[in-house]
Amino acid sequence: MELWQEGIAALSRRLRTGKLSPVALTEHYLDRIRRFDPKLQAFIHVADSALAQAAKAEAEIQAGRWRGPLHGVPVAIKDNYLTADMPTTAGTTAPGIEFPLRDSGAAARLREAGAILIGKTRTHEFAWGNVTPPSRNPWDLDRVPSGSSGGSGAAVAAGLAPAGMGSDTGGSIRMPASVCGTVGLKPTFGRVTRDGIIPHSWSLDHPGPLTRTVADTAILMQSLAGYDARDPACQDRPVPKYLGALGQSIAGLRVGVCRNHFFERNDVDVEAAVERAILDLAAAGATIHEFEIPRLEYGLAAIFAIELASSTAYHDKSLRAGRVAHYTPDVRSLVEMGRFVTAPDYLKAEQLRTLMMQDFAKAFESVDVIVGPTMPITAWKCGEWTVKVEERDESVLSASWRFTFPYNLTGLPAISVPCGFDRQGLPIGLQIAGRPFDEPTVLQVAHAYEQRHDWKDRTPPITH
């Protein structure tokens with residue numbers, strides 16, 4: 001196994017004992033960025049201070065001041081997180097838009113844990129879309145890494161960093177995780193601080209990590225989770241020991257399968273892989289409970305109305321100043337469309353959201369987690385705006401986030417883990433969701449499934 005294929009836990013043990021130098025590890029990843037990123041274009045900025053950060057971590061570890069399992073480990077961070085030592089662009093080149101040089105709450109917590117912020121990964125402009133141009137998918141350079149955290153998804157999948165940070169408003173962590181073959185967790189709304197992240201939709205935005213393994217996600221969550229008074233949505237709740245949930249048997253756990261919505265109009269390979277995953281969970285001792293949530297069919301319209309209105313409110317100053325005319329065409333159209341969402345539209349969307357939260361709360365009275373496909377499709381080709389699913393053309397925008405958005409509307413924790421490949425060799429994601437603030441059970445089930453297969457050990461062609 002090459003160094004870049006090792007998980008954070010293994011790297012951490014070697015870093016702590018001095019068998020691996022943070023400087024050498026950072027140089028290894030910087031070299032991989034130099035070699036592979038010209039094709040992937042996952043990074044928009046590589047930190048000039050990366051080696052200085054690594055040298056500081058090395059000195060601290062040698063002096064016995066070990067901060068924890070992230071100490072000396074490089075982490076990539078999405079370009080909508082403010083950072084003190086790297087510029088933030090939120091993916092835009094529109095004139096007159098600047099962001100302060102300071103650390104976002106999540107960036108500060110990663111630094112406190114000793115992580116090395118190695119660079120900023122590309123985001124679809126203002127975290128709006130599902131493509132992340134010009135980033136490419138490491139499994140097929142003619143295909144997208146999805147978005148809006150596509151840069152982090154591509155970077156982690158290709159081994160340009162052990163972990164990356166993303167943000168998820170309708171699926172923007174889990175979608176790249178699904179099509180790039182990584183793990184991606186959207187924590188409960190209010191579990192991780194949003195301070196210093198460029199807003200997209202105040203009530204839908206969720207920060208979270210993308211990693212190679214479930215254990216690596218648990219390690220990042222241990223540093224990221226916790227109260228921050230600078231984020232009014234952040235909850236003051238105890239932070240559990242996330243790694244402690246891994247390796248526990250799932251025998252007797254109740255796994256819910258929502259048969260409507262999540263199992264409608266799926267690519268045949270996606271559906272087959274997810275059905276096999278459900279059987280795997282049953283074979284591990286979980287009990288399978290099938291149910292339906294009829295109101296889900298109205299959810300996409302609700303989240304779209306909320307997201308459009310929220311985003312347009314954030315960009316109101318730029319709209320009035322004429323700067324939106326310089327946005328990329330797809331983002332400009334969406335920001336301008338938000339002007340047509342009426343107050344009754346918005347309130348009806350929020351009312352539906354409340355009903356869906358009640359529906360899911362009712363479902364979780366009978367199940368411990370809910371599983372299904374992360375996306376109905378695998379990675380599509382760059383420049384394609386429609387896909388054929390069950391012989392029916394569908395916009396990639398609506399298809400890609402059909403199964404992820406319900407957990408943004410409801411604020412529930414949800415993870416995507418690799419669960420196989422389609423006949424073209426493209427990754428497929430399994431989505432596992434849980435009760436509010438019950439990330440430990442979500443991670444427990446995800447880890448139990450992950451251990452049954454070698455999906456996490458497979459590497460994309462660009463790395464060979």
Side-chain angles (χ1 to χ4, degrees), residues 7-9 11-12 29 42 68-71 73-81 83 104-121 123 127 145-157 159-169 171-178 180-194 196-197 205-226 228 239-240 242-243 245-246 374 404 407 413-418 429 431-432 434 439-440 442-443 446-447 450 456:
I8 292 174
L11 293 172
S12 175
Y29 282 107
L70 286 178
H71 205 171
V73 175
V75 176
I77 193 160
K78 187 176 176 179
D79 186 32
N80 62 342
Y81 286 71
T83 43
S104 58
R109 287 184 176 178
L110 290 170
R111 291 195 204 273
E112 288 167 9
I116 295 155
L117 299 190
I118 196 168
K120 305 292 282 285
T121 52
T123 173
S146 193
S148 61
S149 310
S152 287
V156 172
L160 308 191
M165 290 301 299
S167 62
D168 192 313
T169 304
S172 290
I173 290 171
R174 291 158 291 154
M175 289 154 50
S178 181
C180 292
T182 74
V183 177
L185 173 68
K186 181 197 77 63
T188 307
F189 187 73
R191 178 77 283 185
V192 176
T193 177
R194 301 167 305 160
I197 299 175
D205 294 345
H206 300 65
L210 292 102
T211 66
R212 294 183 62 81
T213 69
V214 175
D216 290 353
T217 290
I219 289 171
L220 263 80
M221 278 298 295
Q222 204 64 58
S223 294
L224 292 166
D228 183 354
V239 177
Y242 294 110
L243 277 172
L246 309 189
T374 306
T404 54
Y407 301 119
I415 197 170
S416 180
V417 293
Q431 184 170 222
I432 304 167
E439 284 84 2
V442 171
L443 292 166
H447 185 260
E450 179 186 70
K456 65 179 173 42

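Starting from 1, each residue takes its place in the sequence as its number.
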Nearest heavy-atom pair of [X] and [Y]: which atoms, and what distance?
X: G196; Y: S104; result: O-CB, 3.4 Å
X: G147; Y: M175; result: O-CE, 3.4 Å
X: G181; Y: P418; result: O-CG, 3.5 Å
X: A215; Y: L243; result: O-CD2, 3.8 Å
X: A107; Y: I77; result: CB-CD1, 3.8 Å
X: A127; Y: S167; result: CB-OG, 4.4 Å

(request) Apply ring pair (Phe, Tyr, Trp, His ring centres under 6.0 Å) to F189 and list each qualifying residue two or more places apart in sequence or on a separate chain. (result)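 Checked F189 against ring pair (Phe, Tyr, Trp, His ring centres under 6.0 Å); matches are H206.
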(message) Quick one about T217 and T211 (side-chain donor to acceptor, distance below 3.5 Å, no hydrogens or angles considered), yes or no?
(response)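 Judged by distance alone, the side chains do pair up.
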(message) If we count only N and O atoms by modelled type, under 3.5 Å, do the side chains of T188 and E439 hold a donor and an acceptor together?
(response)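 Per modelled atom types, T188 and E439 side chains form a pair under 3.5 Å.
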Rounded at 0.5 Å granularity, tell me how far [atom1] in [X] sits from [atom2] in [Y].
X: K120; Y: N80; atom1: NZ; atom2: CG; value: 8.0 Å
X: K78; Y: T123; atom1: NZ; atom2: OG1; value: 4.0 Å
X: Q222; Y: Y242; atom1: CD; atom2: OH; value: 6.5 Å
X: L117; Y: M165; atom1: CG; atom2: CE; value: 10.0 Å
X: S149; Y: R174; atom1: OG; atom2: CZ; value: 10.5 Å

Tell me every residue that passes side-chain contact (heavy atoms from CB on, under 4.5 Å) with [X], counting only those two or more places apart in sequence or in another chain.
X: V214; answer: V183, L246, V417, L443, A446, H447, E450
X: T182; answer: V156, A157, A177, C180, L210
X: I8; answer: L70, V73, P162, A163, D216, I219, L220

(request) In sequence, state the C-alpha distance, the side-chain angles, and the governing distance for L110 and L224, and then conclude on side-chain contact (heavy atoms from CB on, under 4.5 Å). (result) CA-CA 7 Å; L110 290 170; L224 292 166; 4.1 Å; yes
(request) Would you indicate whether the side-chain heavy atoms of S223 and E112 approach each other to under 4.5 Å? (result)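 No, their side chains stay 4.5 Å or more apart.
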(message) So Y29 and I118, do their side chains get closer than 4.5 Å, heavy atoms only?
(response)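 The answer is yes; the side chains approach within 4.5 Å.
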(message) Quick check against the 3.5 Å criterion: does T121 have a side-chain atom that pairs as donor or acceptor with the backbone of G151?
(response)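 No, because the side chain of T121 does not come within donor-acceptor range (under 3.5 Å) of the backbone of G151.
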(message) So does Y407 get a backbone contact from the side chain of K186, meaning a donor-acceptor N/O pair under 3.5 Å?
(response)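 Yes, K186 side chain to Y407 backbone: donor-acceptor pair under 3.5 Å.
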(message) Please evaluate residues T404 and Q431 with respect to the criterion side-chain hydrogen bond (donor to acceptor under 3.5 Å, both in side chains), reporting the C-alpha separation (whole Å), side-chain torsions for both, the decisive distance (0.1 Å), and the verdict.
(response) CA-CA 8 Å; T404 54; Q431 184 170 222; 5.7 Å; no
(message) For R191, give me all partners under salt bridge (charged side-chain N to carboxylate O under 4.0 Å, His left out), at least two apart in sequence or on another chain.
(response)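 Listed in chain order: nothing, the list is empty.
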(request) Apply salt bridge (charged side-chain N to carboxylate O under 4.0 Å, His left out) to R109 and list each qualifying residue two or more places apart in sequence or on a separate chain. (result)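 Salt bridge (charged side-chain N to carboxylate O under 4.0 Å, His left out) list for R109, sorted by chain: empty.
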